[in-house]
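Position 1 is the first residue of the sequence; numbering continues from there. Scope of the values below: all heavy atoms of this structure, side chains included, with no hydrogens, waters or symmetry mates. Everything numeric in this text was worked out from a predicted model, so none of it was measured.
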Amino acid sequence: MSAVSAWAKLPVVVWVRRQFAPNTLQITLLLAGIVGLLGALATVAFREALSGLQFLLAGHRSGMVELAQDLNWWQRLLLPTAGGLVAGLILQYASLWVPKKGSDDYMEAIAIGTGVLSLRQTLVKSLSSLCSVASGASIGREGPMVQLAAMFASLVGRILAFPPERLRLLVACGATAGITSAYNAPIAGALFISEIVYGSISTATLGPLVVASVIANIVIRQFLGYDAVYQMPRFDFVSGWEVLFYMGLGVLAGVLAPLFLRLLDTAKARFGALPIPLFLRLALGGLIVGVLSLQVPQVWGNGYSVVNSILHTHWAWQALAMVLVFKVLATASSAGSGAVGGVFTPTLFVGAALGSLYGIAMNALAPATASVASSYAVVGMGAFLAATTYAPLMSILMIFEMTLSYQVVLPLMLACVTAYLTAHTLRADSVYAKSLRRNQVAGRWLSMTGEGSEMRLSSLAVDNEDNDAVVSAADSSDAIGERFVDTGYRNLVVRAQDGRLIGTLDAASWWRRQATGKPELWTEIVTPCKALDGDMALVSALRSVGKMHADWVPVTGADGEWLGVVSLPGLIEIVTEERGSE
């Protein structure tokens with residue numbers, strides 16, 4: 001029996017399931033608040049663990065840049081290399097020992113998955129990320145924080161046996177709590193999931209996301225206080241004509257952001273092509289960061305302290321340009337080598353440095369019209385973020401909440417929209433395209449006429465004894481409950497002891513049956529179904545699965561021979577790869 005199944009059998013959990021239907025608004029909002037609390041606590045725990053590691057390495061809890069500046073040259077080389085080596089060993093070998101159940105990407109789990117996030121895989125990746133970030137890798141700590149928060153939300157939903165559609169919403173609430181806690185941005189946290197992951201702002205999802213965000217922000221205020229992430233100096237318009245300068249900054253960010261994303265993609269491809277183990281790739285990425293830090297120690301970490309320095313002190317343009325170039329190379333090396341972490345915060349760093357350089361140039365060209373360089377730096381952060389995420393509204397609110405400066409909003413709006421439109425014209429994919437590609441094109445597949453793919457459904461059918469989507473009519477009620485809790489599937493396929501197909505068992509119907517006091521008679525609620533023909537094309541199969549509202553459906557041959565089962569996420573994955581190669 002798994003730990004999740006054991007929790008699901010606790011009397012209080014059973015009572016909650018019987019008193020509240022999992023698809024009611026009241027229980028959804030209540031649990032959104034609970035996962036907001038858990039998500040905030042998860043981010044606090046990650047911060048403290050990272051701070052503790054830095055204290056062990058340096059004897060103080062200052063930032064990564066300060067740590068790099070205090071080290072000797074050989075220590076700057078050794079620490080990122082050793083950290084990458086340890087992080088890679090954890091990823092390569094711990095992942096082999098830890099069985100994977102569910103997705104290890106919260107965006108995928110929300111967009112097309114069942115909402116089940118792998119607990120053990122998430123913990124392994126978080127431990128690897130701690131080693132990378134604490135040793136100077138040029139990635140953000142916020143990505144693992146959000147993943148942890150989403151994982152705890154998934155765990156809550158699985159214990160309460162939520163159906164997949166509600167479990168996905170709960171995971172989205174957890175991710176929102178993680179973003180809010182990481183950036184102290186409750187409004188942008190909710191909009192990040194709505195605008196980027198869901199692709200639209202819906203009242204059905206926004207309510208729970210807001211509740212999770214508010215609770216998370218309250219918890220973070222209690223633990224860490226409330227202050228702007230970036231201390232913004234006074235922002236003033238010098239002239240109304242200056243709006244043209246900010247539009248120019250948006251165009252510049254929109255042109256350079258696709259090049260930055262292409263560099264990240266190239267780095268990942270080059271590192272992935274190296275004929276060496278994963279742990280050596282991460283060690284190599286750390287070594288490159290160490291070499292770059294010999295000249296520019298500011299490349300270590302996510303760069304909060306450097307951005308605040310750019311906003312409040314005067315930088316020579318030569319030094320600023322060097323930091324910008326070296327930071328881009330360090331981020332490409334860390335992310336490309338496979339280190340677990342986000343590029344969201346390094347993107348803000350690049351935008352700040354780019355905006356400051358642009359502001360210096362505008363002051364040189366039109367000193368009577370342009371504001372100080374720090375004003376362009378903060379607008380540059382938002383513009384570059386909008387140009388990489390393709391989420392201008394979220395970018396505007398994120399920078400506003402991180403600076404608490406209302407004066408910056410008007411030029412920020414103009415620059416973000418301009419940057420987004422420019423970047424979208426030059427590159428179709430955002431920085432999160434890989435995680436969301438399958439969700440973005442799923443709607444187009446379902447509207448196709450059926451022409452295209454020559455692959456048949458029979459080639460995808462899974463039929464083996466370990467398949468967790470198929471159960472026997474002879475299985476006990478306890479076994480069925482454990483299977484639903486462990487997998488989070490919306491339905492299971494039921495076969496007789498002689499192998500004959502009986503039908504499908506819906507999760508919601510099964511839990512309702514549990515509440516009647518006659519759980520052992522669960523076979524009475526199995527719904528007869530017709531198996532899909534193994535000779536069907538994939539697009540036709542996708543349409544059929546969508547109509548059946550099932551995660552798993554049986555497949556048989558022309559003569560009724562049992563071939564196995566197929567899943568909607570599996571079909572989408574195959575079609576995605578096929579469409580992407582065209």
Side-chain angles (χ1 to χ4, degrees), residues 230-263 296 298-299 303-304 306-329 331 345-389 392 395-396 398-400 402-403 405 407-427 431:
Y230 297 116
Q231 301 297 323
M232 181 63 192
R234 181 175 176 80
F235 188 100
D236 285 317
F237 268 118
V238 174
S239 168
W241 292 104
E242 195 177 5
V243 296
L244 298 177
F245 294 167
Y246 288 110
M247 287 185 64
L249 177 56
V251 172
L252 180 62
V255 170
L256 295 182
L259 299 179
F260 175 68
L261 297 181
R262 189 176 303 168
L263 176 63
V296 182
Q298 289 85 355
V299 300
Y304 280 128
V306 181
V307 172
N308 273 312
S309 175
I310 291 174
L311 294 178
H312 291 276
T313 61
H314 175 73
W315 283 59
W317 72 266
Q318 297 91 337
L320 200 57
M322 180 177 291
V323 168
L324 174 59
V325 172
F326 277 49
K327 183 64 176 180
V328 168
L329 295 176
T331 302
T345 312
T347 297
L348 295 175
F349 182 109
V350 173
L354 177 66
S356 185
L357 279 171
Y358 181 87
I360 292 173
M362 291 301 100
N363 272 274
L365 293 175
T369 307
S371 300
V372 294
S374 61
S375 298
Y376 290 92
V378 71
V379 173
M381 284 193 289
F384 206 75
L385 185 62
T388 54
T389 61
S395 302
I396 294 167
M398 177 68 75
I399 299 304
F400 167 64
M402 295 179 76
T403 61
S405 172
Q407 289 76 16
V408 76
V409 170
L410 291 180
L412 185 62
M413 292 171 63
L414 189 62
C416 285
V417 171
T418 304
Y420 160 70
L421 293 175
T422 304
H424 197 272
T425 301
L426 299 177
R427 178 186 169 106
V431 67

Working to the nearest 0.5 angstrom, can you tell me the gap between [X] [atom1] and [Y] [atom2]?
X: Met398; Y: Cys416; atom1: CE; atom2: SG; value: 11.5 Å
X: Gln407; Y: Phe400; atom1: CD; atom2: CZ; value: 9.5 Å
X: Leu324; Y: Ile310; atom1: CG; atom2: CD1; value: 8.5 Å
X: Arg262; Y: Leu426; atom1: CZ; atom2: CG; value: 8.5 Å
X: Met381; Y: Thr403; atom1: CE; atom2: OG1; value: 7.0 Å
X: Ser374; Y: Asn308; atom1: OG; atom2: CG; value: 11.5 Å

Looking at every heavy atom in both [X] and [Y], which two are closest together, and how far apart are they?
X: Phe245; Y: Ala366; result: CZ-CB, 3.9 Å
X: Leu256; Y: Leu354; result: CD1-CD1, 3.7 Å
X: Trp317; Y: Leu357; result: O-CD2, 3.6 Å
X: Leu421; Y: Thr425; result: O-OG1, 2.8 Å
X: Ala387; Y: Ala253; result: CB-O, 3.8 Å
X: Lys327; Y: Val299; result: NZ-O, 3.1 Å

Ring-ring centroid check Phe260 Phe384, cutoff 6.0 Å: yes

Centroid-centroid distance, Tyr376 to Tyr246, less than 6.0 Å: yes

Main-chain N/O of Ala386 paired with Ser395 side-chain donor or acceptor, under 3.5 Å: yes

Whether Gln298 side chain and Gly303 backbone form a donor-acceptor pair below 3.5 Å: no

Modelled atom types, side-chain donor and acceptor of Trp315 and Ser309, under 3.5 Å: yes

Do the non-hydrogen side-chain atoms of [X] and [Y] ever get within less than 4.5 Å of each other?
X: Leu414; Y: Leu410; value: no
X: Val372; Y: Asn363; value: no
X: Leu348; Y: Leu385; value: yes
X: Glu242; Y: Ser371; value: yes
X: Thr331; Y: Phe349; value: no

Atom NE2 of His314: over 12 foreign heavy atoms under 6.0 Å: no

Greater than 12 external heavy atoms within 6.0 Å of Met362's CE: yes

